[in-house]
Amino acid sequence: MAKLVVFTVALTADYAEFMGVVGFRTRLCRPRHPYTKGKVERLVRFVKGNFLAGRSFTDLDALNREAALWCAEQGGRWRRAAACVPMREHEAACSANTRPLEVTAEVERYLCPRRKISFDGFVSFEGHRYGVPYWYVRRECRVNREGRVVHIYSDDLSRELVAHAVGTGADSWCEGQWETSPAQPEELPTQPVGTVVEQIAPPRTKPGFERFDFGRAE
């Protein structure tokens, strides 16, 4: 079983179940400890000061691609402070404890996180909203992303509901999201209606005040 070092103070029940499914254990580190948490914070500072500074990008995907190339370049260089090439050192230390992840039904549930569907038929994923067909009656679904495509599945992962291109601007709606159908519930007022406005036809007989209209033509 592999060991993962994380810097947190509590484990949730979902995370504990995830460790059992994937097959690893977590060792907690003391908070505000310079020799453990400080190492991670220093790496974050290094990325902010050397990668993000002065860099422009079109969307999050482009930034992630550039970041992956930049990290590979930095990790493959000789570091005098560590007296090694970090990428090679990491591979040598971790390769003995790693193994290919078998994608089972339990693992798929973590690869496709559950999302709630809003009243207007959208789910939020990575800061964007994607439409879900109206005929899907359940209020929860699962979402997964593969490259530039976001897949939305039923809650039990038995059916793909819709696929969207990764959004960059406004909400992404889908066909059938607001389709008019007799099966759709009618939106009724929450309070009884006390006032009714109607348009009536003009009277067929002449009003009585017409006799006082002296300018009318006879």
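The first residue in the sequence is number 1, and the count goes up from there.
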- In terms of side-chain geometry, is the basic nitrogen of Arg115 or Glu140 positioned less than 4.0 Å from the acidic oxygen of its partner? no

- Item | Glu89 atom CD: more than 12 heavy-atom contacts under 6.0 Å | no

- Under a side-chain separation threshold of 4.5 Å, the hydrophobic residues clustered together with Val149 are none

- Task: Please lay out, stage by stage, how Asp156 and Arg109 fare under the test salt bridge (charged side-chain N to carboxylate O under 4.0 Å, His left out).
- Result: CA-CA 9 Å; Asp156 57 357; Arg109 294 184 179 274; over 6 Å; no

- Where is the tightest heavy-atom contact between Arg55 and Glu66, given as atom of each residue plus distance? NH1-OE1, 3.0 Å

- Message: For Tyr136 and Arg159: C-alpha separation, side-chain torsions, deciding distance, then whether side-chain contact (heavy atoms from CB on, under 4.5 Å) applies.
- Response: CA-CA 11 Å; Tyr136 181 66; Arg159 181 177 184 180; over 6 Å; no

- By side chain to side chain donor-acceptor pair (under 3.5 Å), which residues pair with Asn64, not counting sequence neighbours? none

- So, Phe46 versus Trp70, ring centres under 6.0 angstrom or not? yes

- Are side-chain heavy atoms of Tyr130 and Ser124 found at a separation under 4.5 Å? no

- Query: Is there a donor-acceptor pair closer than 3.5 Å between any side-chain N or O of Gln74 and the backbone N or O of Val47?
  - Reply: no

- Not counting sequence neighbours, which residues clear side chain to side chain donor-acceptor pair (under 3.5 Å) with Arg65? List them please. none

- Message: Using a 3.5 Å distance criterion without hydrogens, assess whether the side chain of His164 forms a donor-acceptor pair with backbone atoms of Gly131.
- Response: yes

- Message: Looking at every non-hydrogen atom in both residues, tell me the closest pair between Arg129 and Phe122 and how far apart they are.
- Response: NH2-CD1, 3.3 Å

- Task: Look at the side-chain heavy atoms of Ile, Leu, Val, Met, Phe, Trp and Tyr, link any pair under 4.5 Å apart, and say whether Leu101 and Val21 land in one connected group.
- Result: yes

- Message: Taking Ser118's backbone N and O only, do any of them form a donor-acceptor pair with Arg139's side chain (distance below 3.5 Å, no angle check)?
- Response: yes

- Task: Run the numbers on Asp155 and Cys141 for side-chain contact (heavy atoms from CB on, under 4.5 Å), then give the verdict.
- Result: CA-CA 4 Å; Asp155 188 45; Cys141 61; 5.8 Å; no

- In terms of heavy-atom contacts, does CZ of Arg88 have more than 12 from other residues, nucleotides or ligands at under 6.0 Å? no

- Message: Quick check: closest heavy atoms across Gly49 and Ala53, and the distance to 0.1 Å?
- Response: O-CB, 3.7 Å

- Message: Is it the case that the side chains of Thr26 and Tyr15 hold a donor-acceptor pair, with the cut-off being a distance below 3.5 Å and no angle test?
- Response: yes

- Hey, quick one: are Val166 and Val143 part of the same hydrophobic cluster, counting side-chain heavy atoms closer than 4.5 Å, chains of contacts allowed? yes

- Path from Leu161 to Leu157 over hydrophobic side-chain contacts below 4.5 Å: no

- Evaluation steps, side-chain contact (heavy atoms from CB on, under 4.5 Å), between Asn144 and Val150: CA-CA 6 Å; Asn144 183 28; Val150 173; over 6 Å; no

- Query: Can you name the nearest heavy-atom pair linking Gly76 to Met87, along with the distance?
  - Reply: N-CE, 4.1 Å

- Query: Once you round to the nearest 0.5 Å, how far does CD of Gln177 lie from CG of Asp120?
  - Reply: 7.0 Å

- Task: Identify the two heavy atoms, one from Arg142 and one from Cys112, that lie closest to each other, and give their separation to 0.1 Å.
- Result: NH1-O, 2.9 Å

- Message: Testing the basics here: between His128 and Ser172, what is the closest heavy-atom pair and its distance to 0.1 Å?
- Response: NE2-OG, 3.1 Å

- Message: Can a donor-acceptor pair be found, under 3.5 Å and without considering hydrogens, that links the side chain of Ser154 to the backbone of Ser158?
- Response: yes

- Message: Would a single hydrophobic cluster contain both Tyr110 and Tyr153, if residues Ile, Leu, Val, Met, Phe, Trp and Tyr are joined by side-chain heavy-atom contacts under 4.5 Å?
- Response: no

